Amino acid sequence: MRCVPRQLSVAADAMACNGGAQSRRLLSAHVRRAWPPPPPPPPVSPPPLPAEKPPPRRQASRAARTSRQRPSASTAAAAAVASPPSSVASAPSLPPRPPPPPLPPGTPPPPPPGLPLPPPPPQPPVARGSPPWASPRTASWAAEDTLAGQLERYNQFLMPTPAQWEQKRWVAETLTPLLKRHTGGELQNFGSCENGFWSNGSDVDSCLVLRRCSQKAAWITKLRLVQCLVERDRLGKVQLVTGARVPIAKVMHAEGAELCDVSINNVAALENSRFVATFAHLDARVPPLGRFIKHWASQRRINTRVEGTLSTYTLMLQLFYFLQIREVPVLPRLMDLLVGEAAEAYQAQVANGGGIVPAATYCSAGALEGTSRCANALVSAPEMDVATGQLRPLPFVTEAAAVRAPSRFPALGRNSECTGMLLHEFFQLWGHPEFSGVDGRGRTVYVYDGTREENELGVLVMRCPLTGKNVNPFATSVWALIHSEFSRAASMLRHGRTLDDICEPATGSPTACLGRAMV
């Protein structure tokens with residue numbers, strides 16, 4: 001059935017009601033007006049104006065209004081646009097423009113006028129594990145957006161989340177009073193949540209300081225008490241890890257989300273955290289550098305201590321040593337910050353000719369034979385009094401004003417290198433062949449006095465500035481793999497690659513691949 005326009009239907013109804021010639025005339029008028037519809041007028045485009053002078057703003061808006069006239073006025077609009085304003089037509093022509101400068105050698109010529117630009121080249125997908133703001137990058141992007149800018153965006157991405165701060169507040173306001181009330185001990189945080197390098201995804205590490213509790217069996221007994229208290233008060237559930245060198249109780253939410261790890265009398269970790277926090281707070285550039293280096297190592301799967309790779313403490317000591325040996329040092333040596341009994345013992349060493357390196361000298365020379373190269377060797381008191389549970393005073397200063405004193409580290413704040421330059425040079429140092437361990441020649445590094453020396457182990461030996469212990473023993477094959485990652489990052493940065501590129505996630509565990517290769 002043919003579809004009849006609504007106007008015809010209305011006219012037919014009128015004819016049926018009124019009849020006669022008048023109705024027929026009404027129907028004819030409706031048909032003439034409604035069927036068929038008039039064709040739209042052809043579009044009228046204004047002629048181009050002279051190239052030497054663009055049209056005034058008022059005239060351009062008038063042309064735009066004219067082009068939007070209704071079809072019934074199309075003839076008048078076309079007549080108005082057909083002749084340009086006399087002011088424009090009679091304008092004197094401008095002198096010809098000078099030719100454009102020649103293109104540099106190797107630059108492709110621009111497309112001729114009127115042709116569309118070629119489509120952009122396809123971009124590689126964003127690597128899995130990159131921050132949400134990451135996008136495909138090229139070497140030219142690195143020249144426009146400096147490493148410092150990239151590092152700042154990474155730092156914003158790596159900052160701890162509000163949920164992590166709420167988790168830390170729960171430990172302080174709920175778990176700490178509960179354990180103090182039933183054990184008499186003091187729950188103190190350590191690790192990244194206290195040392196200035198806390199990052200997105202890091203947990204809360206806590207140490208319950210108790211008197212007369214110095215054996216591993218006693219530690220496990222106290223951890224079982226922690227488990228009973230948490231589950232009795234329905235604060236969550238606790239999983240005990242008793243096979244580790246330092247047993248811990250993993251306190252988790254009822255749904256399984258981890259809240260914190262509790263250990264007993266891990267006082268060495270407490271002092272290490274306060275030392276790291278002191279260095280992190282001396283210069284605002286240190287925390288962003290540390291967070292990114294830790295993130296890079298995690299992405300490349302070389303930041304897992306249980307697999308024999310780098311611990312976070314080792315990475316921070318590597319950063320501190322690098323910042324100590326800059327031409328204008330960023331951080332002091334620990335020996336410059338000693339106080340109390342440790343400072344007196346060090347001065348006695350210097351008076352007896354056993355000093356290590358003059359305070360104003362920063363070099364890679366080793367220390368003299370027979371001298372102490374850690375803070376604990378200069379202090380007679382233990383880290384904690386077992387009978388009372390009291391921790392000893394720190395053997396080094398922690399306030400920036402005291403560190404800046406002329407007798408300690410007057411260079412504090414004088415280094416003006418940007419974070420991008422420091423990050424670039426950090427990887428150039430640790431990716432250098434000197435640290436590769438080739439031919440069995442490794443390096444031993446001392447943050448205590450800012451020195452390094454050769455060893456015969458073929459690996460990096462990083463000495464703790466407080467205890468003097470090797471904080472991260474490596475197998476030679478594992479260290480070779482770790483050094484190759486530093487060398488890879490150094491090479492990529494030298495060739496203008498971005499931080500997204502060097503943080504591309506490793507496809508598998510390097511140590512697992514190494515084990516399969518050895519089999």
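Only heavy atoms go into these numbers, but all of them, side chains included; no hydrogens, no water, no symmetry mates. This one's a predicted model, so the numbers in the text were calculated from it and none came from an experiment.
- Below 30°, between 30° and 60°, or above 60°: for Phe322 and Phe426 the angle between ring planes is above 60°, a perpendicular geometry.
- Checking Glu341 against Ser380 by side-chain atom types alone, a donor-acceptor pair falls below 3.5 Å.
- With sequence neighbours excluded, no residue forms a salt bridge (charged side-chain N to carboxylate O under 4.0 Å, His left out) with Asp203.
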May I have the list of side-chain donor-acceptor pairs in residues 224-235 shorter than 3.5 Å, sequence neighbours left out?
| unit_1 | atom_1 | unit_2 | atom_2 | d |
| --- | --- | --- | --- | --- |
| Gln227 | NE2 | Val238 | O | 3.2 |
| Glu231 | OE2 | Val238 | N | 3.4 |
| Arg232 | NH2 | His182 | NE2 | 3.4 |

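- For Ser273 and Asn195, the side-chain atoms include no donor-acceptor pair closer than 3.5 Å.
- Residues Gln428 and Arg494 have side chains that bring a donor and an acceptor to within less than 3.5 angstrom of each other.
- Other residues, nucleotides and ligands place no more than 12 heavy atoms under 6.0 Å from the NZ atom of Lys469.
- Residues Glu456 and Arg441 are not in side-chain contact: their nearest non-hydrogen atoms beyond the backbone lie 4.5 Å or more apart.
- Applying the side chain to side chain contact (heavy atoms under 4.5 Å, CB included) test to Ala480 and every residue at least two apart in sequence or in another chain returns nothing.
- Looking at Arg392 and Glu271, a side-chain N of the basic residue comes within less than 4.0 Å of a carboxylate O on the acidic one, giving a salt bridge.
- Not counting sequence neighbours, Tyr446 has no partner by the ring-ring contact (aromatic ring centres under 6.0 Å, His included) test.
- Among residues two or more places apart in sequence or in another chain, the side chain to side chain contact (heavy atoms under 4.5 Å, CB included) test is passed with Thr278 by Phe396, Thr398.
- By the salt bridge (charged side-chain N to carboxylate O under 4.0 Å, His left out) test, Arg245 pairs with no residue at all, sequence neighbours left out.
- Between Phe320 and Phe197, the angle of the ring planes lies from 30° to 60°, which puts this pair in the tilted group.
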Item checked: Derivation of the side-chain contact (heavy atoms from CB on, under 4.5 Å) call for Asn303 and His295 -> CA-CA 9 Å; Asn303 184 211; His295 173 72; over 6 Å; no
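- Classification of the Phe427-Phe292 ring pair by plane angle, with boundaries at 30° and 60°, yields perpendicular.
- Side chain to side chain, Asn376 and Thr467 fail the donor-acceptor criterion of an N or O pair below 3.5 Å.
- Side-chain contact, Asn472 with Tyr313: no donor N or O sits under 3.5 Å from an acceptor N or O.
- Side-chain atoms of Ser202 never come within 3.5 Å of backbone atoms of Trp198 as a donor-acceptor pair (strictly under, hydrogens ignored).
- For the residue pair Tyr448/Arg463, the side-chain donor-acceptor check at 3.5 Å is not satisfied.
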